[in-house]
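Here's the structure, in structure tokens; my notes come after.
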Amino acid sequence: MPKLNVQTRVVDAHNANILVIEDEEVILDMMKILLESRGHNVFVSQDSSVGIEMYENHIYDIVLCDLAMPKLNGWQVAKFIKEYDAVRKRTKTPVVLITGYELDADNIDYKKEGVDFILNKPIELDKLHKIISDCSTENISK
């Protein structure tokens, strides 16, 4: 019987349930393909209102959300998630805000708004994978 080494178990544990809310179809498709190729379960919505409904009905390990979208923007989605998790008496789900705009992240109190990380477009995939990995490991240890 082969031994299960710790490294294999940790890598397997990083497979996360990820909700991606992005109004640009090409970016949404790219994110789904890239994240699924890493073994993650990816759920997508092109509409922020539908994304919120999906969030209400399922548990996700992390949410990736575009900043500029019709209906609800990324800040509003993050605030909803923060408040909804509090109502559910659940540890807050990490939210990654993805933006093509220059944000001065050092001078914005984005954590207060429910955003845990900000990634600029074009997305640096190594940073994204590290965030997902760190968040998945954090959720496993709780």
Side-chain angles (χ1 to χ4, degrees), residues 3-142:
K3 282 203 292 189
L4 175 68
N5 71 34
V6 175
Q7 183 67 24
T8 302
R9 192 171 68 53
V10 171
V11 171
D12 290 344
H14 287 283
N15 297 344
N17 290 319
I18 302 170
L19 174 59
V20 181
I21 306 171
E22 165 67 63
D23 62 323
E24 292 185 44
E25 188 175 1
V26 172
I27 294 173
L28 192 66
D29 291 344
M30 177 201 69
M31 297 283 286
K32 184 170 175 54
I33 290 166
L34 287 170
L35 295 171
E36 284 180 342
S37 74
R38 289 284 186 114
H40 300 297
N41 302 309
V42 183
F43 306 86
V44 298
S45 176
Q46 256 187 285
D47 181 305
S48 54
S49 297
V50 172
I52 288 222
E53 285 178 35
M54 291 171 69
Y55 190 79
E56 289 175 317
N57 295 312
H58 297 91
I59 303 289
Y60 299 98
D61 297 307
I62 190 167
V63 176
L64 309 177
C65 187
D66 186 27
L67 170 62
M69 293 182 292
K71 297 182 185 175
L72 300 170
N73 66 37
W75 294 113
Q76 293 166 311
V77 170
K79 185 175 182 188
F80 170 84
I81 289 170
K82 177 182 176 182
E83 292 171 357
Y84 194 74
D85 283 347
V87 168
R88 288 198 282 194
K89 294 182 178 15
R90 183 175 189 283
T91 302
K92 188 191 162 307
T93 302
V95 175
V96 179
L97 193 65
I98 299 170
T99 180
Y101 298 105
E102 279 298 316
L103 294 179
D104 187 2
D106 294 332
N107 293 316
I108 297 174
D109 192 4
Y110 57 89
K111 298 230 183 223
K112 180 179 150 194
E113 301 299 322
V115 173
D116 298 280
F117 305 95
I118 296 177
L119 284 178
N120 290 314
K121 293 177 185 176
I123 298 167
E124 292 181 41
L125 294 178
D126 288 344
K127 278 186 182 178
L128 176 61
H129 292 308
K130 180 167 180 12
I131 290 168
I132 293 169
S133 176
D134 290 350
C135 290
S136 297
T137 302
E138 220 174 86
N139 288 340
I140 290 163
S141 62
K142 289 182 182 175

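Bear in mind the structure is a predicted one, so any value in this text is a computation, not a measurement.
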Are more than 12 heavy atoms, taken from residues, nucleotides or ligands other than Asn57, located less than 6.0 Å from that residue's CG atom?
yes
Rounding to 0.5 Å, atoms CD1 (Ile123) and CD1 (Ile98) come to a distance of 4.0 Å
Can you tell me how far CG of Leu72 sits from CD1 of Ile52, rounded to the nearest 0.5 angstrom?
5.0 Å
Sequence neighbours excluded, the answer for side chain to side chain contact (heavy atoms under 4.5 Å, CB included) partners of Ser45 is Asp47, Val50, Met54
Show me the donor-acceptor pairs within less than 3.5 Å that the side chains of residues 28-36 make with the rest of the protein, sequence neighbours left out.
{"residue": "Lys32", "atom": "NZ", "partner": "Glu36", "partner atom": "OE2", "Å": "2.6"}
{"residue": "Lys32", "atom": "NZ", "partner": "Val42", "partner atom": "O", "Å": "3.2"}

Do Leu19 and His58 come within less than 4.5 Å of each other through their side chains, counting heavy atoms only?
no
Could you measure the distance from the CG atom of Leu64 to the CD1 atom of Ile132? Nearest 0.5 Å is fine.
5.5 Å
Are the side chains of Tyr110 and Phe117 in contact, using a 4.5 Å heavy-atom criterion?
no
Is a side-chain N or O of Asp116 found less than 3.5 angstrom from the main chain of Val95, in a donor-acceptor match?
yes
The reported gap from CG in Asp66 to CG in Leu119 (rounded to nearest 0.5 angstrom) is 11.5 Å
From His129 atom NE2 to Glu124 atom CD, the distance as rounded to the nearest 0.5 Å
12.0 Å
Residues at least two apart in sequence or cross-chain that pass side-chain hydrogen bond (donor to acceptor under 3.5 Å, both in side chains) with Lys130, listed by chain then number, are Asp134
Could you please spell out the steps behind the side chain to side chain contact (heavy atoms under 4.5 Å, CB included) verdict for Thr99 and Ile118?
CA-CA 8 Å; Thr99 180; Ile118 296 177; 4.1 Å; yes
If the condition is side-chain hydrogen bond (donor to acceptor under 3.5 Å, both in side chains), which residues does Lys111 pass it with, not counting sequence neighbours?
none
Is any side-chain heavy atom of Ile131 closer than 4.5 Å to one of Ile62?
yes
What residues form a ring pair (Phe, Tyr, Trp, His ring centres under 6.0 Å) with Phe43, not counting sequence neighbours?
Tyr60
Atom pair NE2/CG of His40 and Asp61 - distance to nearest 0.5 Å:
9.5 Å
Who are the side-chain hydrogen bond (donor to acceptor under 3.5 Å, both in side chains) partners of Asp23, not counting sequence neighbours?
none
Quick one: side chains of residues 78-87, donor-acceptor pairs under 3.5 Å with protein atoms, not counting sequence neighbours, listed by atom name and distance.
{"residue": "Lys82", "atom": "NZ", "partner": "Lys112", "partner atom": "O", "Å": "2.6"}
{"residue": "Tyr84", "atom": "OH", "partner": "Glu56", "partner atom": "O", "Å": "3.4"}
{"residue": "Asp85", "atom": "OD1", "partner": "Tyr55", "partner atom": "OH", "Å": "2.6"}
{"residue": "Asp85", "atom": "OD1", "partner": "Arg88", "partner atom": "NH2", "Å": "3.1"}
{"residue": "Asp85", "atom": "OD2", "partner": "Tyr55", "partner atom": "OH", "Å": "2.9"}
{"residue": "Asp85", "atom": "OD2", "partner": "Thr93", "partner atom": "N", "Å": "2.7"}
{"residue": "Asp85", "atom": "OD2", "partner": "Thr93", "partner atom": "OG1", "Å": "3.1"}

